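Computed over heavy atoms, backbone and side chain alike; hydrogens, waters and symmetry mates excluded. Only a predicted model underlies this, so the values are computations on that prediction, with no experimental measurement involved.
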Number of protein chains: 2
Amino acid sequence: MRCLIVEDDPRIAGDLARTLEASGFFVEHAADGEAAWFKGGTEDYDAIVLDLGLPLMDGLAVLKRWRAEGVTIPVLILSARGTWIERVEGIDAGADDYLPKPFRMEELVARVRALVRRAAGRAAPVEVAGALALDTTRMTASLAGRPITLTPLEFRCLAYLVLHRDRPVPSTELLEHLHGGEDGHELNAIEALVARLRRKLGPGVIETRRGFGYQIAEP
Amino acid sequence: MRCLIVEDDPRIAGDLARTLEASGFFVEHAADGEAAWFKGGTEDYDAIVLDLGLPLMDGLAVLKRWRAEGVTIPVLILSARGTWIERVEGIDAGADDYLPKPFRMEELVARVRALVRRAAGRAAPVEVAGALALDTTRMTASLAGRPITLTPLEFRCLAYLVLHRDRPVPSTELLEHLHGGEDGHELNAIEALVARLRRKLGPGVIETRRGFGYQIAEP
DNA sequence: GGCAAGCTGACAACAAGCTGACAGATCCGA
DNA sequence: TCGGATCTGTCAGCTTGTTGTCAGCTTGCC
């Protein structure tokens, strides 16, 4: 968990850092707008706590610039001026939450935690098992960074195996999952499907545990 | 123009829907907070009319959750309790406008229209995907700098594909988006539409990912 | 060695998607 | 109101990718 604190007052910054560190964050600090903009754009944080009154570049300007550049790290705005107009401006500029000063430290920690949780839920749903990566939004698969073209059924089959990679999946279960319980399908269809997947993925990715089922190989 | 109505009273919801439909909106409806949250987060509306007193999740909570998740669709709050405190709370939560009950239908329509106009003016009007550029306020398209004449439906279809260019869009979803969920339309209409678009755009712009959907080609 | 589980290449059936033609609907100017 | 132009949905026939089945094969286990 990495968190960036953007705050020019060294005393407040120190307080914030200590509190967040006590809650398990690795904290970094930027004291002015320029430094903040640079760090937020180049490093990968889980959350940013942003004060608005900053030297060199105003907090809102920094935020807008990040958002324009595609930085999606969740940002919590801190501000002494707690009017609702400013709140709306902050949200408008792309902030994820807003906390008016003065505030209790516990509340700050709770909000930053909530922000991180929410962002994790929103992230691109990519499942990874060793060198194998499945992106269920883009419907793409890759092996060791190399893209693999899969048909819909192949994709669903592989996704199911990756999701249950901690145990062998019987072919009867795959049949049930892929065809929604309709019968009239032979088990051999699954065998053929797995064979086609293996041809695309190469050996050593889908293992057969004879008598138990198929399983994605451990990294 | 798609509009989501969030209202638990079926009579009021029906009134609202009829009025907005008469003004040219495709209207969808959610009767509780959970459903509203889901629809607003996953579908692409031009405006949302949100009642505050809702089952399962309160209207304000839904709104806050949307804003926290980055949903920027303009929201008009409806409420029986018209105190200014509540108004501020609504704006604070990220609402774009506030209309106390009772209200005249004409006023509602006017405000929703204003909302949509404002949002259109504020949003980045030009969407770019590779050589393809769409100006959503002027409703013009160009490919490699050369202007392309599109019909209204073609434009909406292309805009939707460009907006979701990071993933394949199933033709069922296009059908739903373009016709606001009314059925009685055949999937083949989408195929014909895409064929017409391809004839204008040339090959290699709209790709078919068989079994997954259509997708704008990566640059 | 024998048996069952599992593999695989070939093939055929099927479904997804494409396209040109046509016709109903709508809009617009005269 | 009429006529023409444009837009858009439907249909039929076609192409192509996907997937189930079959038959014969290999592999592991008792």
B:R65 side chain reached by B:M57 side chain, heavy atoms, under 4.5 Å: yes
What is the distance, to the nearest angstrom, from the CG atom on B:L193 to the C1' atom on D:dT6? 15 Å
Pairing of B:D96 and B:R67 as salt bridge, 4.0 angstrom limit: yes
Can you pull every protein N or O that's under 3.5 Å from an N or O on nucleotides 12-15 of chain C?
none

Among D:dT19, C:dG6, D:dT21, which nucleotide has an atom closest to any side-chain atom of A:A189? D:dT21
So, under a plain 3.5 Å distance rule, would you say the side chain of A:N188 forms a donor-acceptor pair with the base of C:dT8? yes
From D:dT19, C:dG6, D:dT8, pick the nucleotide closest to the side chain of A:T151? D:dT19
Atom CG of A:L178 and atom P of D:dT18: how far apart are they, to the nearest Å? 16 Å
Listed nucleotide nearest any side-chain atom of A:R199, set D:dG9, C:dG9, C:dC18: C:dG9
Carboxylate-amine/guanidinium proximity below 4.0 Å for B:R167 and B:E173: yes
When the C1' atoms of the five terminal pairs at each end define the local axes, what inter-axis angle does the helix from C:dG1-D:dC30 to C:dA30-D:dT1 show, to 10 degrees? 30°
Out of D:dC7, C:dG6, D:dG9, minimum distance to the side chain of A:T208 belongs to C:dG6
